[in-house]
Amino acid sequence: MSRLFSSGSVLGASGATSTATRMASNFRKVTHCIFDMDGLLLDTEKIYERILGDVCKSYNSPYPWATRMRVLGTTEQRTVSIIVNDLKLSCTVDDFLKKFREKQLLELGGAPLLKGAERLVRHLHQHNIPIALATSSGADSVEVKIKHHQELFALFNHKVMGSSDTEVKEGKPAPDIFLVAAKRFPDSPKPDQCLVFEDAPNGVTAGVSAGMQVVMVPDPHISEEQRKHATVVLGSLEEFKPEQFGLPAFE
């Protein structure tokens with residue numbers, strides 16, 4: 001039997017989330033969409049986990065699950081600070097950050113798109129729905145990750161890169177990155193006109209704190225407790241129903 005999450009999503013017998021059963025009238029109509037990137041549009045999380053695990057190993061430390069959950073969705077600087085301090089590593093934050101950045105520039109270029117990502121981005125663009133990217137990654141990292149998907153990512157009105165954007169004072173779970181992304185649309189929509197797409201609990205918290213509705217597509221291992229603040233929880237972007245939020249339906 002399926003269980004209904006407090007967010008309105010359904011957890012099937014296999015443990016995978018499926019499209020929410022909440023009535024569309026429970027959602028607010030939106031005019032703009034803001035997307036996270038890692039783990040939502042691009043399948044980078046396993047690569048990141050391996051890179052961070054390797055750097056931790058170089059300092060004779062494991063990379064435990066609890067620490068991984070803490071850093072999901074945070075800026076590069078915050079990620080490294082949490083790891084170095086939580087695990088009491090024998091290095092400085094700057095030392096770890098240097099190794100981390102060197103490795104990701106080498107390994108992240110082959111990250112594939114996740115299920116439903118291209119279809120949704122192209123659909124919104126074709127229907128003139130303004131879209132923006134709001135990622136905790138820095139500009140150098142983003143350039144590497146999207147190098148095989150340049151045409152698709154060129155469809156975004158703008159990109160806010162939290163680890164290198166001076167206007168983003170605090171990273172997720174603070175709302176700064178989504179408020180900056182909204183402000184940079186030509187018509188500067190109000191937060192409640194924006195719909196955020198996220199995979200990480202820190203990103204969901206940031207979106208909700210910004211006053212926006214949030215569609216969450218979490219890792220299957222994310223707990224029910226960590227999903228509860230999302231407006232709706234989906235198993236993949238393929239399950240998203242734009243018409244529930246007043247957006248043009250898929251043909």
Side-chain angles (χ1 to χ4, degrees), residues 2-12 15-41 45 69 72-74 114-117 119-121 123-124 127 129-136 156 160 162 171-183 185 189-250:
S2 296
R3 292 174 56 200
L4 188 66
F5 281 152
S6 57
S7 62
S9 64
V10 176
L11 180 66
T17 49
S18 61
T19 308
T21 57
R22 277 172 61 175
M23 297 298 291
S25 60
N26 289 346
F27 300 114
R28 296 193 309 267
K29 181 178 179 179
V30 298
T31 54
H32 298 65
C33 294
I34 304 174
F35 289 82
D36 176 48
M37 183 172 69
D38 293 295
L40 178 86
L41 299 176
E45 293 303 335
M69 288 296 100
L72 273 180
T74 60
L114 281 162
K115 188 189 303 183
R119 174 189 181 224
L120 177 55
V121 169
H123 172 77
L124 294 173
H127 288 274
I129 303 300
I131 54 176
L133 196 71
T135 172
S136 294
F156 288 89
V160 182
K172 303 170 187 178
D176 301 32
I177 193 167
F178 292 122
L179 295 174
V180 169
K183 184 179 71 172
F185 283 114
K190 294 178 181 178
D192 64 4
Q193 294 176 285
C194 299
L195 181 63
V196 167
F197 292 83
E198 264 286 355
D199 69 301
N202 282 325
V204 172
T205 299
V208 172
S209 297
M212 303 174 184
Q213 296 176 99
V214 183
V215 175
M216 187 185 196
V217 187
D219 181 292
H221 296 98
I222 297 292
S223 70
E224 181 175 343
E225 178 67 21
Q226 291 175 300
R227 305 168 187 234
K228 69 180 184 180
H229 297 300
T231 308
V232 63
V233 179
L234 306 177
S236 78
L237 287 174
E238 278 192 329
E239 298 175 355
F240 179 62
K241 295 182 178 178
E243 64 273 19
Q244 292 184 324
F245 294 90
L247 299 168
F250 289 118

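Ring geometry, Phe245 versus Phe240: the interplanar angle falls under 30°, so the pair is classed parallel (tilted spans 30 to 60°).
To the nearest 0.5 angstrom, Thr31 atom OG1 is 8.5 Å from Leu247 atom CG. Between the CG atom in Leu179 and the CE atom in Met212 there is a gap of 5.0 Å [rounded to 0.5 Å]. Note that CG of Leu114 is 9.0 Å distant from CD of Glu45, once rounded to the nearest 0.5 Å. One distance of note links CG of Asp36 with CD of Glu198; it measures 4.0 Å at 0.5 Å rounding. Once rounded to the nearest 0.5 Å, the distance linking NZ of Lys241 with CZ of Phe250 reads 11.5 Å. Remark: Ser136 OG to Asn202 CG distance equals 8.0 Å, nearest 0.5 Å.
Between Arg227 and Pro218, the closest heavy-atom pair is NH1-CG, 3.5 Å. Taking every heavy atom of both residues into account, Val217 and Ser236 meet most closely at CG1-CA, 3.6 Å. When all heavy atoms are compared, the tightest approach of Ala134 to Ile177 is C-CD1, 3.7 Å. Across all non-hydrogen atoms, the minimal contact from Ala249 to His123 is O-CE1, 3.1 Å. Across every non-hydrogen atom of Pro173 and Ser209, the tightest pair is O-OG, 4.3 Å. The minimum heavy-atom distance between Ala174 and Ala206, with the atom names listed, is O-CB, 3.2 Å.
Considering only heavy atoms from C-beta on, Val214 stays 4.5 Å or farther from Phe178 through its side chain. In this structure, the side chains of Val233 and Lys228 stay at 4.5 Å or more apart for every pair of heavy atoms. At a threshold of 4.5 Å between non-hydrogen side-chain atoms, the residues Phe27 and Val215 do not count as touching. Side-chain contact between Leu237 and Leu41 is present, with at least one heavy-atom pair separated by less than 4.5 Å. Within the 4.5 Å cutoff, side-chain heavy atoms of Met216 are placed close to those of Pro201.
Within the structure, salt bridge (Lys or Arg N to Asp or Glu O under 4.0 Å) pairs that include any residue of residues 229-238 do not occur (at least two apart or interchain). Residue pairs that meet the salt bridge (Lys or Arg N to Asp or Glu O under 4.0 Å) test with at least one member in residues 199-212, sequence neighbours left out, do not exist here.
When the side chain to side chain donor-acceptor pair (under 3.5 Å) test is applied to Gln226, the partners found at least two apart in sequence or on another chain are Ser223.
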Please report the C-alpha distance between Asp219 and Leu72 in whole Å, then the side-chain angles of each, then the deciding distance to 0.1 Å, and finally whether the side chain to side chain contact (heavy atoms under 4.5 Å, CB included) criterion is met. CA-CA 10 Å; Asp219 181 292; Leu72 273 180; 5.7 Å; no
Please determine whether side chain to side chain contact (heavy atoms under 4.5 Å, CB included) holds for the pair Ile131 and Phe197, giving the CA-CA distance in whole Å, both sets of side-chain angles, and the decisive distance to 0.1 Å. CA-CA 11 Å; Ile131 54 176; Phe197 292 83; over 6 Å; no
